[in-house]
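Working notes, beginning with the structure itself.
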Number of protein chains: 2
Amino acid sequence: MRAGPSQEEVRKHNLGTLLRYVHMHGATSRAELTTRLGLNRSTIGALTADLIGAGLVSEAAPRETGRAGRPSLVVRPESGRVYAYALSIEVDRLRAARVGLGGRILEQYETERPRGMNAGEAVRPLARFVRTMRSGVPDDGRCVGSAVAVAGMVRREDGLIRLSPTIGWVDEPIGESLRSELDEFGPLSVGNHADVCALAEHARGAAVGSDNVIYLYGDVGVGAGIVAGGRRVHGHGGYGGEVGHMVVNPYGRPCSCGSRGCWETEIGEHALLRLAGRADRSGGEAVLAVVDAAMRGDSSAQHALRQVGDWIGFGVGNLVNIFNPEVVIFGGTLRDVYLGAAAQIRSRLNAVGLPACREHVRLRTPELGADAALIGAAELAFENLLDDPLVS
Amino acid sequence: MRAGPSQEEVRKHNLGTLLRYVHMHGATSRAELTTRLGLNRSTIGALTADLIGAGLVSEAAPRETGRAGRPSLVVRPESGRVYAYALSIEVDRLRAARVGLGGRILEQYETERPRGMNAGEAVRPLARFVRTMRSGVPDDGRCVGSAVAVAGMVRREDGLIRLSPTIGWVDEPIGESLRSELDEFGPLSVGNHADVCALAEHARGAAVGSDNVIYLYGDVGVGAGIVAGGRRVHGHGGYGGEVGHMVVNPYGRPCSCGSRGCWETEIGEHALLRLAGRADRSGGEAVLAVVDAAMRGDSSAQHALRQVGDWIGFGVGNLVNIFNPEVVIFGGTLRDVYLGAAAQIRSRLNAVGLPACREHVRLRTPELGADAALIGAAELAFENLLDDPLVS
DNA sequence: CTCCTTCGTTCGGTGACCGACCGTTTCGGG
DNA sequence: CCCGAAACGGTCGGTCACCGAACGAAGGAG
């Protein structure tokens with residue numbers, strides 16, 4: 001409700017808008033910035049001067065204009081000097097990257113995460129990665145923050161992991177632990193894996209330009225990152241998007257959450273492999289093997305894929321009725337399942353979804369691959385800077 | 001992405017913020033506005049002067065201060081002079097009201113809506129109501145817009161009703177029709193009934209101060225108005241919130257939408273009355289009768305209420321997992337069902353909802369009663385004014 | 001080489017907010 | 001009844017952000 005000292009707010013807002021533009025769209029000429037931001041040439045000049053002074057962007061003469069007239073200076077983000085650390089804690093991997101302003105991954109490390117590794121143990125290799133990267137950064141480098149994506153339920157206020165069945169954590173204060181290890185590297189944000197991937201695909205992937213997006217991430221469990229009206233939906237405590245525990249089959253199998261017939265018990269990896277008669281195997285390769293087998297005519301694999309595809313379409317239909325999204329993205333191993341069962345999914349979606357809600361829905365696969373979580377975490381880390389470029 | 005001519009934007013924003021404050025909180029002293037909005041005394045003075053010049057607010061000496069010092073002038077909305085027309089098309093009623101700035105209903109008319117009345121026929125009595133009200137408005141009155149709430153799926157771009165099973169409409173251009181009849185009364189917005197009720201309860205009812213809210217409205221059908229992060233979720237085409245067609249029971253009864261086991265087939269009025277052995281009756285009184293009978297010990301009514309309450313808790317649990325709301329409000333005849341089956345609902349919700357998602361959820365009944373739709377529609381109509389008070 | 005186009009820079013102007021100063025209104029004590 | 005303290009409104013000069021016009025600079029086309 002506060003309006004604040006609006007003089008500075010205007011400047012801050014315009015600086016943020018300009019910086020966000022080059023962060024999202026890459027190097028941009030001043031002329032284009034003038035038209036895109038609707039600001040005067042003089043103002044764009046002053047804003048870029050400020051940002052150059054802060055070391056956030058640089059200007060250069062353009063290569064070839066092709067048109068008459070004096071060529072416009074090109075403003076580009078200092079993607080080499082200004083960066084954030086992006087971390088990701090996944091089921092079987094720990095990943096860390098240094099991501100430059102503009103979204104480019106500058107360097108990246110990863111290691112296996114053994115089952116049973118707790119939060120304290122996971123922090124150490126991540127911190128080691130960060131310190132390794134830090135030691136190689138030139139002196140003029142500037143870290144503007146860090147963020148970690150975790151495949152679990154993240155309490156927004158402090159980054160506590162309330163519950164992560166796939167990783168096996170309960171009430172692990174990952175935010176606190178990492179902050180105490182990495183307090184020299186700016187503020188640390190903690191985000192849910194699917195949320196962060198949704199952010200990445202919305203910013204730089206399959207959902208660019210769409211303001212109502214559902215990003216589904218599935219492996220053993222299923223979660224969603226939801227963008228509604230251009231803003232992430234995280235709910236009151238930060239636990240929104242737990243679509244994996246939407247009960248779709250009241251008469252279904254028990255779920256680890258205590259309920260039964262949750263969506264993830266019907267469409268998760270375990271369900272697919274069980275239906276395909278391969279319950280002894282697990283992981284992304286096993287899922288891919290089922291899809292491949294179905295392609296090659298294996299009837300039990302086909303049956304499993306049909307069954308799972310049916311439940312996927314069913315749940316997506318429910319979500320489409322609730323959110324009326326423009327895009328639904330299938331990430332994780334759900335991507336492969338989607339590619340193998342697209343017709344089944346679409347058909348069931350059409351049966352469950354109301355015509356008005358489903359008519360403009362596009363079903364997509366991610367464009368960012370395995371780096372989505374890191375790119376999204378970096379976006380999280382950059383948010384402070386983009387909201388107020390000259391602070392700190 | 002545009003920043004616009006930010007000089008004017010600042011003024012516009014601050015004028016809107018001040019006007020919105022007195023609109024939401026009622027008459028407020030300049031001193032309090034100064035602290036609440038974080039603006040200088042001089043600025044508040046200038047802003048109120050502008051708004052007084054536009055006839056939107058007035059100032060008056062306060063009654064009794066009780067404290068030392070010169071009393072601060074009280075700024076109050078011109079709720080008598082500045083108003084909007086709010087209309088509501090419900091299953092069996094057509095309602096129209098003139099609502100003053102500040103949210104007070106100044107006058108109100110309503111009439112029955114016979115089953116089978118189409119959109120063209122419904123427009124006429126509504127337009128008549130508006131013209132009747134218009135003729136009684138003093139010459140200095142000023143209409144700033146109108147809005148209509150309709151219990152159906154509203155296409156956002158033009159206000160077409162894509163589908164309303166309860167009212168019995170398909171592709172009725174209610175927006176166009178009303179606009180052509182009422183073009184002299186400013187811009188007309190069209191909103192979904194549940195969305196608009198959610199807006200009302202969020203602004204002036206049971207969800208004040210909560211930024212993550214689900215308002216459930218149920219009679220024969222079930223719909224939801226969803227507020228996430230303080231903003232309404234309407235989806236890409238405007239059709240979000242159709243939770244009534246979330247399928248909760250894949251083996252359930254067929255629904256009018258073509259699917260089966262939709263939430264509204266399990267918790268709608270028809271389900272309750274059928275389970276209670278009163279399928280021959282209908283309407284809100286019949287629902288109330290079942291709840292009363294259950295209170296008095298009628299076992300078939302109790303059984304019906306338990307069954308329906310179970311499914312309500314089930315669906316709310318799903319929604320809680322998806323949205324992690326702070327408040328869930330039960331409106332329509334669902335209010336009575338909730339009051340009669342609260343324990344059952346809570347118990348089932350606790351079984352389906354994840355602990356983290358449900359732990360802070362408050363279940364509530366509406367505070368605005370039957371006027372919620374009109375008050376919410378008025379909020380919709382006032383939005384243009386509050387976004388830019390001095391335009392027009 | 002010259003003209004035209006396009007852009008960067010500079011500078012004066014407008015508008016919005018702030019802070020200080022002064023006058024006004026109320027309360028409370030002598 | 002008078003006077004000081006407290007709280008507030010109004011006025012005025014100052015600062016800051018943006019805009020628009022004027023001028024110079026940098027390329028392309030003939």
Side-chain angles (χ1 to χ4, degrees), chain A residues 2-19 27-54 57-76 388-390, chain B residues 1-19 27-54 57-76 388-391:
Chain A
R2 289 185 60 109
S6 308
Q7 211 80 305
E8 304 166 20
E9 293 289 324
V10 170
R11 188 62 156 199
K12 187 198 298 183
H13 177 252
N14 285 339
L15 285 167
T17 308
L18 202 166
L19 188 58
T28 310
S29 74
R30 277 212 218 169
E32 189 179 340
L33 288 171
T34 303
T35 62
R36 294 287 190 199
L37 304 191
L39 293 171
N40 193 282
R41 273 210 309 244
S42 330
T43 309
I44 295 291
L47 292 172
T48 51
D50 278 12
L51 292 176
I52 290 172
V57 303
S58 61
E59 277 183 331
R63 299 196 168 287
E64 290 273 322
T65 67
R67 297 194 316 178
R70 178 177 178 175
S72 187
L73 296 177
V74 169
V75 182
R76 62 178 179 211
D388 191 355
L390 297 191
Chain B
M1 193 54 86
R2 290 185 60 110
S6 308
Q7 211 80 308
E8 305 166 19
E9 294 288 326
V10 170
R11 188 63 158 198
K12 188 198 295 185
H13 177 252
N14 285 339
L15 285 166
T17 308
L18 202 165
L19 188 58
T28 310
S29 74
R30 278 211 218 170
E32 188 179 340
L33 288 172
T34 302
T35 63
R36 295 287 190 200
L37 303 192
L39 293 171
N40 192 283
R41 274 214 305 249
S42 326
T43 310
I44 296 292
L47 292 173
T48 51
D50 277 11
L51 292 176
I52 290 171
V57 303
S58 61
E59 279 184 329
R63 301 201 165 282
E64 291 273 324
T65 69
R67 297 194 316 177
R70 177 176 177 175
S72 187
L73 295 177
V74 168
V75 182
R76 62 179 178 210
D388 190 356
L390 298 191
V391 90

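Naming: A, B, ... by sequence-line order, numbering from 1 per chain. Since we're looking at a predicted model, the values are computed, not measured.
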Supply the atom-to-atom distance B:Leu47 CG to B:Leu15 CG, rounded to the nearest 0.5 angstrom. 5.0 Å
What nucleotide among D:dG10, D:dC8, D:dC18 has an atom nearest to a side-chain atom of B:Ala31? D:dC8
Minimum side-chain heavy-atom gap B:Val75-B:Thr28 below 4.5 Å: no
So, using salt bridge (charged side-chain N to carboxylate O under 4.0 Å, His left out) as the criterion, who are the partners of B:Arg30 when residues are at least two apart? B:Glu59
For A:Ser72 and C:dG8, is the shortest distance between a side-chain N/O and OP1 or OP2 below 4.0 Å? yes
Heavy-atom nearest nucleotide on DNA chain D for A:Ala61 versus A:Leu47: which residue maps closer to 5'? A:Leu47
Please list, chain by chain and in numerical order, all residues satisfying salt bridge (charged side-chain N to carboxylate O under 4.0 Å, His left out) with B:Arg11, sequence neighbours excluded. B:Asp50
Does B:Glu59 or A:Leu15 map to a spot on DNA chain D nearer the 5' end, using the closest nucleotide for each? B:Glu59
Check every atom of D:dC8, C:dC17, C:dT25 against the side chain of B:Pro71 and return the nucleotide holding the closest atom. C:dT25
Length of the CG-P vector between B:Asp50 and C:dG15, whole Å: 12 Å
Side-chain donor-acceptor pairs of residues 37-44 of chain A under 3.5 Å, sequence neighbours excluded:
| from | atom 1 | to | atom 2 | distance (Å) |
| --- | --- | --- | --- | --- |
| A:Asn40 | OD1 | A:Ser42 | N | 2.8 |
| A:Asn40 | OD1 | A:Ser42 | OG | 2.8 |

Measure the spacing between CG of B:Asn14 and CG of B:Leu19 and express it to the nearest 0.5 Å. 12.5 Å
Here the distance between atom P of C:dC17 and atom CD of B:Glu9, to the nearest Å, is 12 Å
When every non-hydrogen atom of B:Leu51 is compared with those of B:Pro389, the smallest separation belongs to CD2-CB, 3.9 Å
B:His13 has an atom NE2; how far is it from atom C1' of D:dA17, in whole Å? 17 Å
Pick out the pairs of N or O atoms, protein on one side and nucleotides 21-24 of chain D on the other, that lie under 3.5 Å.
| from | atom 1 | to | atom 2 | distance (Å) |
| --- | --- | --- | --- | --- |
| D:dG24 | N2 | A:Arg70 | NH1 | 2.8 |

Whole-Å distance, A:Leu73 CG to C:dT6 P, equals 17 Å
Can you tell me how far P of C:dG8 sits from CD1 of A:Ile44, to the nearest Å? 10 Å
Sorted by chain and residue number, the side chain to side chain donor-acceptor pair (under 3.5 Å) partners of A:Ser58 (sequence neighbours excluded) come out as A:Arg76
Indicate whether OP1 or OP2 belonging to D:dA17 is found under 4.0 Å from a side-chain N or O atom of A:Asn14. no
Strictly below 4.0 Å: does B:Arg11 bring a side-chain N or O up to OP1 or OP2 of C:dG15? no
Polar side-chain atom of B:Ser72 near backbone of B:Ser29 as donor-acceptor pair, under 3.5 Å: no
Pairing stems for DNA chain D [at least three consecutive pairs; Watson-Crick or G-U; under 3.5 angstrom]: C:1-30 with D:1-30
Whole-Å gap separating P (C:dA16) and CG (B:Leu37): 17 Å
Is any side-chain heavy atom of A:Arg36 closer than 4.5 Å to a side-chain heavy atom of A:Glu32? yes
Expressed in angstrom and rounded to an integer, what is the separation of B:Leu33 atom CG from D:dG9 atom P? 10 Å
Rounded to whole Å, the CG-C1' distance (B:Leu39 to C:dG19) equals 14 Å
